[in-house]
S.K.: 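Okay, handing you the structure first.
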Amino acid sequence: MFLIVGLGNPGQKYESTGHNVGFRVIDKIAESFNFVDFSFENNFVAEISKEKIGSGTIILAKPQTFMNLSGKSVFKIALFYKIKPANIIIIHDDIDL
């Protein structure tokens, strides 16, 4: 199982800013691979979409917290689905990280 997380800031105010590159990439992945529509999962404070691809499952996530708090959402998702850190991919806008 893999978790692919796109980082961004929630809300229309930030929709087209550079900070939301992660959200846009996740949307493109979902579109390209025909993932089901995202749904808000209150327990994770994130929009989630899951699909089986091959013999595995991929979870796409868009945390609905501000970027500096997104780790809380990622942690909750990884813990719930028992996803190893090596199977988590984070898409963000900061090359220095």
Side-chain angles (χ1 to χ4, degrees):
M1 184 174 289
F2 283 86
L3 171 60
I4 305 175
V5 181
L7 298 186
N9 285 322
Q12 205 169 23
K13 176 180 176 181
Y14 301 101
E15 201 169 279
S16 57
T17 66
H19 253 352
N20 280 16
V21 164
F23 283 0
R24 291 195 294 277
V25 170
I26 288 293
D27 287 339
K28 281 292 186 191
I29 292 170
E31 179 184 323
S32 296
F33 292 94
N34 298 314
F35 273 68
V36 297
D37 289 340
F38 284 88
S39 63
F40 180 77
E41 299 287 335
N42 197 44
N43 292 341
F44 306 138
V45 192
E47 293 182 1
I48 301 287
S49 180
K50 287 190 303 189
E51 282 294 329
K52 280 215 170 275
I53 296 183
S55 61
T57 300
I58 296 179
I59 299 171
L60 301 179
K62 297 187 288 184
Q64 296 301 295
T65 61
F66 285 96
M67 284 186 81
N68 55 344
L69 298 175
S70 59
K72 292 179 180 185
S73 290
V74 174
F75 177 76
K76 287 179 181 183
I77 297 166
L79 188 65
F80 182 82
Y81 289 104
K82 298 177 177 68
I83 300 171
K84 298 175 186 172
N87 291 356
I88 300 173
I89 299 167
I90 307 291
I91 301 169
H92 57 87
D93 70 330
D94 192 341
I95 197 164
D96 293 327
L97 292 177

S.K.: Measuring from I29:CD1 to L60:CG, what's the distance to the nearest 0.5 Å?
M.R.: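 Here the rounded value is 6.0 Å.
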S.K.: Following the transitive rule for hydrophobic clusters with a side-chain heavy-atom cut-off under 4.5 Å over Ile, Leu, Val, Met, Phe, Trp and Tyr, establish whether I4 and F33 coincide in one cluster.
M.R.: yes
S.K.: Start with the C-alpha distance between S39 and E41, add both sets of side-chain angles, then the distance that settles side-chain hydrogen bond (donor to acceptor under 3.5 Å, both in side chains), and finish with yes or no.
M.R.: CA-CA 6 Å; S39 63; E41 299 287 335; 3.3 Å; yes
S.K.: Go through the structure and list residues passing side chain to side chain contact (heavy atoms under 4.5 Å, CB included) with F80, not counting sequence neighbours.
M.R.: F44
S.K.: Provide the full list of side chain to side chain donor-acceptor pair (under 3.5 Å) pairs with a residue in residues 4-22, sequence neighbours left out, each pair given once.
M.R.: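 Listed by first then second residue: H19-D93.
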S.K.: Quick check: are there more than 12 heavy atoms from other residues, nucleotides or ligands sitting under 6.0 Å from CZ of F75?
M.R.: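 Count not over threshold, so no.
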S.K.: I'd like to check F35 versus I48 (side-chain heavy atoms, cut-off strictly below 4.5 Å). Are they in contact?
M.R.: no
S.K.: Mark yes or no for whether E51, through its side chain, and I58, through its backbone, hold a donor-acceptor pair below 3.5 Å.
M.R.: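 Judged by distance alone, no pair lies under 3.5 Å.
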S.K.: Any side chain to side chain donor-acceptor pair (under 3.5 Å) pairs touching residues 63-90, not counting sequence neighbours?
M.R.: K50-Y81
S.K.: With a 4.5 Å cut-off on side-chain heavy-atom distances among I, L, V, M, F, W and Y, is there a chain of contacts connecting F66 to I91?
M.R.: no
S.K.: Are I59 and I83 packed together at the side-chain level, in the sense that at least one heavy-atom pair is separated by less than 4.5 angstrom?
M.R.: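 Side chain of I59 against side chain of I83, heavy atoms only: contact under 4.5 Å found.
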S.K.: So, do I26 and F38 sit near enough that their side-chain heavy atoms are less than 4.5 Å apart?
M.R.: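 Yes. Closest side-chain heavy atoms under 4.5 Å.
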S.K.: Which residue, I89, T57, I90, I77, forms the side chain to side chain contact (heavy atoms under 4.5 Å, CB included) with L3?
M.R.: I77
